[in-house]
Visitor: 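Take a look at this one; I'll ask things after.
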Amino acid sequence: MIGISSCLCGINCKYNGKSNLNPIFLELLNKGLAVPICPEQLGGLTTPRVPAEIKKDFKGNLQVVTKNSINVTKEYELGAKRALDILKALNITKVILRRRSPSCGYGEIYDGTFTGTVIEGNGVTVDLFLKNGIEVITDDDYIKSLDK
């Protein structure tokens, strides 16, 4: 069993109310091999919602802030904790997550300027998963691994 970003399975949970449906991931779900998670919804955020990105505050601390300057760091942290609790309850130790998201981004995230600029870094959920021994791979890396 593997954890997977809900949006990859066609669940309309992205900030814009849409999904990132990919038939490969939907098939994993339909075969009972994957458990969908959306940390942002688990943290109490609505769908649709104002886009958010990770940026540093004046003290250098990382925060998740919406495009209209609302700090949603607590919601992202709560969602990450709840997602981790689900994975632990189901003994899931590996997840496939959507790249660049402020929750699920692994290795790359948007830079907090809302210009589409990508920087090195991890989303809030990815950081928590890695600290708790959960293996994380991006949707792109999973698809590339199928071609080998």
Side-chain angles (χ1 to χ4, degrees), residues 1-22 24-26 28-29 33-145:
M1 187 73 67
I2 193 165
I4 191 165
S5 290
S6 297
C7 65
L8 296 172
C9 299
I11 297 170
N12 293 330
C13 58
K14 285 179 53 173
Y15 74 91
N16 62 5
K18 298 181 181 179
S19 75
N20 293 310
L21 174 61
N22 183 309
I24 291 169
F25 301 117
L26 181 58
L28 288 175
L29 178 66
L33 301 174
V35 172
I37 54 169
C38 178
E40 293 167 17
Q41 286 186 332
L42 288 168
L45 297 171
T46 61
T47 301
R49 58 191 163 273
V50 177
E53 294 186 3
I54 296 175
K55 66 180 187 178
K56 289 184 181 177
D57 67 10
F58 67 96
K59 293 181 181 177
N61 299 316
L62 294 180
Q63 295 183 337
V64 185
V65 180
T66 65
K67 193 171 184 175
N68 59 353
S69 301
I70 305 296
N71 187 325
V72 290
T73 305
K74 288 182 182 176
E75 290 85 347
Y76 275 71
E77 290 172 345
L78 176 61
K81 182 188 178 318
R82 288 177 173 168
L84 179 64
D85 289 345
I86 290 167
L87 297 181
K88 285 183 172 183
L90 298 171
N91 295 314
I92 293 173
T93 59
K94 185 175 184 176
V95 293
I96 302 168
L97 300 177
R98 178 67 181 162
R99 60 187 166 78
R100 299 185 182 147
S101 155
S103 290
C104 300
Y106 178 53
E108 291 184 335
I109 56 172
Y110 292 108
D111 71 349
T113 63
F114 299 94
T115 60
T117 304
V118 176
I119 59 170
E120 188 176 310
N122 293 326
V124 173
T125 301
V126 169
D127 275 344
L128 185 63
F129 285 178
L130 293 173
K131 287 176 187 169
N132 284 273
I134 305 290
E135 180 184 353
V136 177
I137 60 172
T138 68
D139 51 328
D140 286 344
D141 287 341
Y142 181 81
I143 290 170
K144 286 176 190 172
S145 75

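These numbers were taken from a predicted model, which means no experiment stands behind them.
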Visitor: For residues 124-137, tabulate all N or O donor-acceptor pairs below 3.5 Å that involve a side-chain atom, not counting sequence neighbours.
Guide:
unit_1 : atom_1 : unit_2 : atom_2 : d
Asp127 : OD1    : Asn122 : ND2    : 3.4
Asn132 : ND2    : Leu128 : O      : 2.9

Visitor: Checking Tyr110 now: which residues fulfil ring-ring contact (aromatic ring centres under 6.0 Å, His included) with it, not counting sequence neighbours?
Guide: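 Tyr110: no ring-ring contact (aromatic ring centres under 6.0 Å, His included) contacts found.
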Visitor: Sorted by first residue and then second, give each salt bridge (charged side-chain N to carboxylate O under 4.0 Å, His left out) pair with at least one member in residues 103-116; sequence neighbours left out.
Guide: Arg100-Glu108
Visitor: Between SG of Cys13 and CG of Leu45, what distance do you get to the nearest 0.5 Å?
Guide: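 Going from the SG atom of Cys13 to the CG atom of Leu45 covers 11.5 Å.
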Visitor: Drop me the distance from Tyr142's OH to Leu28's CG, to the nearest 0.5 angstrom.
Guide: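 With rounding to 0.5 Å, OH (Tyr142) is 4.5 Å from CG (Leu28).
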Visitor: Using the side-chain contact (heavy atoms from CB on, under 4.5 Å) criterion, which residues pair with Leu90? Sequence neighbours excluded.
Guide: Val35, Ile86, Ile92
Visitor: Kindly write out the residues that satisfy ring-ring contact (aromatic ring centres under 6.0 Å, His included) with Tyr106, not counting sequence neighbours, or none if the list is empty.
Guide: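 Tyr106 satisfies ring-ring contact (aromatic ring centres under 6.0 Å, His included) with no other residue.
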Visitor: With Ser19, which residues qualify under side chain to side chain donor-acceptor pair (under 3.5 Å), at least two apart?
Guide: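 By the side chain to side chain donor-acceptor pair (under 3.5 Å) rule, Ser19 matches no residue at all.
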Visitor: Under the salt bridge (charged side-chain N to carboxylate O under 4.0 Å, His left out) rule, collect the residues that match up with Asp140, sequence neighbours excluded.
Guide: Arg99
Visitor: Of all residues at least two apart in sequence or in a different chain, which pass the side chain to side chain donor-acceptor pair (under 3.5 Å) check with Ser145?
Guide: none
Visitor: Indicate yes or no: at least one non-hydrogen side-chain atom of Ile4 is less than 4.5 angstrom from one of Cys9.
Guide: yes
Visitor: Checking the side chain of Ser101 only, and the main-chain atoms of Ser103 only, is there a donor and an acceptor separated by less than 3.5 Å?
Guide: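 Yes, Ser101 side chain to Ser103 backbone: donor-acceptor pair under 3.5 Å.
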Visitor: Sort and list the pairs that fulfil salt bridge (charged side-chain N to carboxylate O under 4.0 Å, His left out) and have at least one residue in residues 78-90, not counting sequence neighbours.
Guide: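 Listed once each, the pairs are Lys81-Asp85.
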Visitor: Enumerate the residue pairs fulfilling salt bridge (charged side-chain N to carboxylate O under 4.0 Å, His left out) with a member in residues 47-70, sequence neighbours excluded, ordered by first and then second residue.
Guide: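 Only Glu40-Arg49 qualify under salt bridge (charged side-chain N to carboxylate O under 4.0 Å, His left out).
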Visitor: With a 4.5 Å cut-off on side-chain heavy atoms, are Leu78 and Leu42 touching?
Guide: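 Sidechains of Leu78 and Leu42: no contact.
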Visitor: Would a distance-only check, ignoring hydrogens and angles, find a side-chain to backbone donor-acceptor pair under 3.5 Å from Thr138 to Asp141?
Guide: yes
Visitor: What residues form a side-chain contact (heavy atoms from CB on, under 4.5 Å) with Asn68, not counting sequence neighbours?
Guide: Val50, Thr66, Ile70
Visitor: Tell me, please, which residues at least two apart from Asn16 pass side-chain contact (heavy atoms from CB on, under 4.5 Å).
Guide: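 Expected list: Lys14, Lys18.
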